[in-house]
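Okay, structure first, notes after.
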2 protein chains.
Amino acid sequence: MYNYMSLKDHVYEYISKGIQKGTLKSNDKLNEQEISRELNISRTPVREALIQLAAEGLLISEPRKGFRVKPLTLKEAKDLYQIVGHLEAMAAVLALDQISPEDISRMERLKGDMDEAINAHVFDKYYKLQVEFHNIYLSKCGNDELINILKLLKKRFIRQGYSGRDPEGLSEIFKETNRQHGEMIELFKKKDSAQLEKYIKEVHWDIKYAALDVV
Amino acid sequence: MYNYMSLKDHVYEYISKGIQKGTLKSNDKLNEQEISRELNISRTPVREALIQLAAEGLLISEPRKGFRVKPLTLKEAKDLYQIVGHLEAMAAVLALDQISPEDISRMERLKGDMDEAINAHVFDKYYKLQVEFHNIYLSKCGNDELINILKLLKKRFIRQGYSGRDPEGLSEIFKETNRQHGEMIELFKKKDSAQLEKYIKEVHWDIKYAALDVV
DNA sequence: TTCCCGCTTTTTGTATACAATATATATAAA
DNA sequence: TTTATATATATTGTATACAAAAAGCGGGAA
């Protein structure tokens, strides 16, 4: 059996998705019994999932009170952005020697697709493409722990989709971030590691963008 | 009740310490029933602790097989060292403006104490002092998430004490790392952020030291 | 009203029970 | 002897049960 998923894992996905989609909001209480009723399972796997989610920073656990969705404050989002920026920069520098011409082409193609998505105002599509873009160099950095940590950290500030937000404002911001993707491609081509590191850290993951993820 | 600890938390500490002290070694199987017998509790809090430990990277979980102590390979230790190096460097730079003359004095005092500990071959003492030293600037970096992440990461490669290892070899290495602590103090004094970052990242957390933590 | 106290209900934390899978053992065939 | 197969045992995953603490509620006192 290849991808066996325990009930705990299902609950994990369920809550996780709820936080991302925005159905679960900051500070929302997670009632174990309620969840077990919703999924027609017992409380045991529910509690196990909640403990895991708390360990990963998505929930906070208050002894004898229960679990709540960890609120993402602006301060916390900025802190996370800063960390992610540093680690992404590190990954890019590590990947620099492993990036193939095909990787560069894929990045360029993705940049084009992203522009289309932005113009069409399909922001969830843009989001997915952007993940793919970053994953190209992450997957070549050679540091598996780094890849994992970044995945967990990013999970913490990606909440709810972009629906119901000002499309023009988002467009402007994403046009700029995608322009930055272009710059990054250039730096990869030039193999300018110092500039690449600085650019990713200080420009692309500038904490001013953190506000975007705070709900 | 201030520091309420659930049974789950006790198990967490128990296993956690076991890994650090070396009584639990890489790939050791964790039998839930056995642990619950040892601590005179039921399996429920045991499982909860194991899940949390797996989420934090200390254990690995194999579906329907159970939990094992995650082996720390040289590759993994190096990967973690590299990440910690980058994040420590980041923290130091962030802390630079917040470091007071008193902090510097404390660091200098600690450096002296560490030299004493090394000369007396009391390496566990050195270890504790060194943690305290690094915590001085970490606590002033202003990024709480960073502090947390570093704590978790370090937990993963600190295994078993230094007893039963060549004291002369350890002495030599620690003398050098403590000399580096001195260099760091100088850079803090000079407020030379670029050099400080580079030094911590490339010298103090050089991956060649990773081998020290692999058992 | 507002605050406080005691009672009831809910919810968490833990123990126990049981089903399903994995592991170990024994037996038989090559 | 080795390999394969059947059976017994141990272990995990999940459900249920229960005790202890927290939250909710109603009635009085200020």
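Model, not experiment: these values are computed from the prediction. Computed over heavy atoms, backbone and side chain alike; hydrogens, waters and symmetry mates excluded. Protein chains get the first letters and strands the later ones, always in sequence-line order, with residue 1 at the start of each.
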Looking at Arg156(B) and Glu145(A), does any basic side-chain N land under 4.0 Å from a carboxylate oxygen?
-> yes
Can you pull the salt bridge (Lys or Arg N to Asp or Glu O under 4.0 Å) pairs that have at least one residue in residues 79-90 of chain A, sequence neighbours excluded?
-> Lys75(A)-Asp79(A), Glu88(A)-Lys154(A)
Ignoring backbone atoms, establish whether Ser42(B) has a side-chain N or O less than 4.0 Å from OP1 or OP2 of dA15(C).
-> yes
Would you list the atom pairs, donor with acceptor, under 3.5 Å between side chains in residues 65-72 of chain B and any protein atom, with sequence neighbours excluded?
| residue | atom | partner | partner atom | Å |
| --- | --- | --- | --- | --- |
| Arg68(B) | NE | Asn27(B) | OD1 | 3.3 |
| Arg68(B) | NH1 | Glu62(B) | OE1 | 2.6 |
| Arg68(B) | NH1 | Glu62(B) | OE2 | 3.0 |
| Arg68(B) | NH2 | Asn27(B) | OD1 | 2.7 |

Taking only residues two or more places apart in sequence or in another chain, which ones pass side-chain contact (heavy atoms from CB on, under 4.5 Å) with Asp206(B)?
-> Lys208(B), Tyr209(B)
Tell me, please, which residues at least two apart from His121(B) pass ring pair (Phe, Tyr, Trp, His ring centres under 6.0 Å).
-> Phe123(B)
Identify, residue by residue, the members of residues 50-58 of chain A with a heavy atom below 4.0 Å from DNA chain C, and return them in order of residue number, or none.
-> none
Not counting sequence neighbours, list each pair that qualifies as a ring-ring contact (aromatic ring centres under 6.0 Å, His included) and has a residue in residues 136-159 of chain A.
-> Tyr81(A)-Phe157(A), His134(A)-Tyr137(A), Tyr137(A)-Phe188(A)
Round to a whole Å and report the spacing from CD1 of Ile60(A) to C1' of dT12(C).
-> 16 Å
Pairs touching residues 120-139 of chain B that satisfy salt bridge (Lys or Arg N to Asp or Glu O under 4.0 Å), sequence neighbours left out | none
Considering the terminal five base pairs at each end of the helix from dT1(C)-dA30(D) to dA30(C)-dT1(D), what angle separates the two local helix axes, rounded to 10°?
-> 20°
With the sugar-phosphate defined as primed atoms, P, OP1 and OP2, and the base as all remaining atoms, what B/S/- string results for nucleotides 7-13 of chain D, 5' to 3', for protein heavy atoms under 4.0 Å?
-> ----SBB
Ring pair (Phe, Tyr, Trp, His ring centres under 6.0 Å) involving Tyr12(B) - partner list, sequence neighbours excluded = none
Can you name the residues that form a side-chain contact (heavy atoms from CB on, under 4.5 Å) with Leu94(A), not counting sequence neighbours?
-> Met90(A), Cys141(A), Asn143(A), Leu146(A), Gln82(B)
Scan residues 89-117 of chain A for pairs that pass ring-ring contact (aromatic ring centres under 6.0 Å, His included), counting only residues two or more places apart or in two chains.
-> none
